[in-house]
Amino acid sequence: MTLELDLRGEVCPYTFVKTKLKMEEMAGGEELTILLDDTEATANVSRSLKSEGHDIVDLKSISRGVWQITAKKAGFQTPRKERDE
Amino acid sequence: MTTPDSSSRIDYASLKSGGIIMQREDEFFAIRLNLTGGTISADKLPRIAEVAQRYGRGEVRLTARQGIEIPWIKFEYIEAARKSLAEASLALGPCGARFRAVTACPGLPICKKALADSQRFARMIDSRFSGLDLPDKFKATVSACPNACSRPFESDIGFCAMAEPRLERDDCNGCSLCLDICREEALTLEDGRPVLKGDRCIYCADCIDCCPTSAWKAEKSGYLVYAGGRMGRRPMLGKKIADFVDEEQGMKVIHRCLDFYRQYGNRRERFGDVIIRAGMDEFLDFVMKEG
């Protein structure tokens, strides 16, 4: 199942902070779809995800001014949520 | 603390070589420190504070060119203040008709827009050229991208790092994020892929930086060199004299510029005026010639 994160209306650096928190809950190999409505934030989130070692599976404009990033979490570790339980 | 009678031991040669500036009231001086690129290690700050409190009026000011000055130092305390600063490896900043302290933007690895380590190059330039006697003041700066935060176009010699983009078409997913990111409207879509149009690109590398599939590569990168710029009484912008040079080539360009300036410049004639008087072609021939 692909997880979703709607960050429309959010600005940097919260866009990336929220993405990072979401990624921490996920298991390696899981995919996250992120919606953004700011070009600069889209570039920043995508760049940061790449530099943290995650895969950008897809990045596209789904309607005027709205961008969708699909990222795949790196590694195979258990998500933090499950470890904590 | 040095006693007032130490004035007989003042080293006039070093006073003249710069760093000590007479204030309006001629019994007071300001000491200028050379902070290359505006960076200083935190452990040196207490010594600056100490000198300001001990020999000045406890006041420290930032200069317009990323330096620090300690004003209100009495003539008889200059030598003691200078010694105290020297003990902490705090160098004085050149003043007068000399190659001045080199300024720079934060650059790599701090700034996310940066394409070069501008601080490192500034330190290279500073250690080689700062303090050299010249016909007039000469200011050099290094910027790590075309946003030009350290104002390379307004300096006697300015370095500005840039990268020329080239698209690896097979790696491009056609997302067109680069078209939206480009602030110069230098890109257009052809068959679903971005292409550079005309000569609008200013080599900022935003397209390379934002590309999710790393399809944009740097075809060429390095410093563009601008010469003859200045602000002040009669401002003018520098002219581009070299493309995509590395640090070593940049050092050679400065060397040749200074040879030219010393050979052709009159006393108190700024570099840009010498270039205009001699002619840009003549100047470029001189600079690009091996020597």
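Proteins come first, then strands; the chains are lettered A, B, ... in the order of their sequence lines, and each starts at number 1.
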- Query: If you draw a 6.0 Å radius around CD in A:Glu4, do more than 12 non-hydrogen atoms from other residues or ligands fall strictly inside?
  - Reply: no
- For B:Glu185, look at atom CD and say whether over 12 heavy atoms of other residues, nucleotides or ligands are found less than 6.0 Å away. no
- Query: When rounded to the nearest 0.5 angstrom, what is the spacing between CD in A:Glu40 and CG in B:Leu177?
  - Reply: 9.5 Å
- Query: In terms of heavy-atom proximity below 4.5 Å to chain B, should A:Asp55 be classed as side chain, backbone, both, or neither?
  - Reply: neither
- Item | Leading residue by heavy atom contact count with chain A [cutoff under 4.5 Å; candidates B:Cys175, B:Cys210, B:Pro212, B:Cys211] | B:Pro212
- Item | Heavy-atom contact with chain A under 4.5 Å, split by part of B:Asn173 | side chain
- Highest number of heavy-atom pairs under 4.5 Å with chain A among B:Gly174, B:Cys178, B:Ser214 belongs to B:Ser214
- Query: Closest heavy-atom contact between B:Ile181 and A:Ala43?
  - Reply: CD1-CB, 3.7 Å
- Message: Is it the case that atom NZ in B:Lys137 sees more than 12 heavy atoms from other parts of the structure closer than 6.0 Å?
- Response: no
- Message: Taking atom CZ as the centre, does A:Arg47 end up with more than 12 heavy-atom neighbours from other residues, nucleotides or ligands that are less than 6.0 angstrom away?
- Response: yes
- Answer with yes or no whether the side chains of B:Ser176 and A:Lys60 bring together a donor and an acceptor at under 3.5 Å. no
- Over 12 foreign heavy atoms within 6.0 Å of CG, B:Asp199: no
- Where does B:Asp206 contact chain A at under 4.5 Å (heavy atoms): side chain, backbone, both or neither? neither
- A:Lys50 atom NZ, neighbour heavy-atom count above 12 within 6.0 Å: yes
- Task: Measure distances from A:Ser46 to the heavy atoms of chain B and classify the residue's part below 4.5 Å as side chain, backbone, both or neither.
- Result: side chain
- Message: Would you compute the distance between atom OG of A:Ser51 and atom NZ of B:Lys112 and round it to the nearest 0.5 angstrom?
- Response: 12.0 Å
- Item | Leading residue by heavy atom contact count with chain B [cutoff under 4.5 Å; candidates A:Ile56, A:Leu59, A:Asp58] | A:Leu59
- Report, as yes or no, whether the 6.0 Å neighbourhood of atom NZ on B:Lys197 holds more than 12 heavy atoms from other residues, nucleotides or ligands. yes
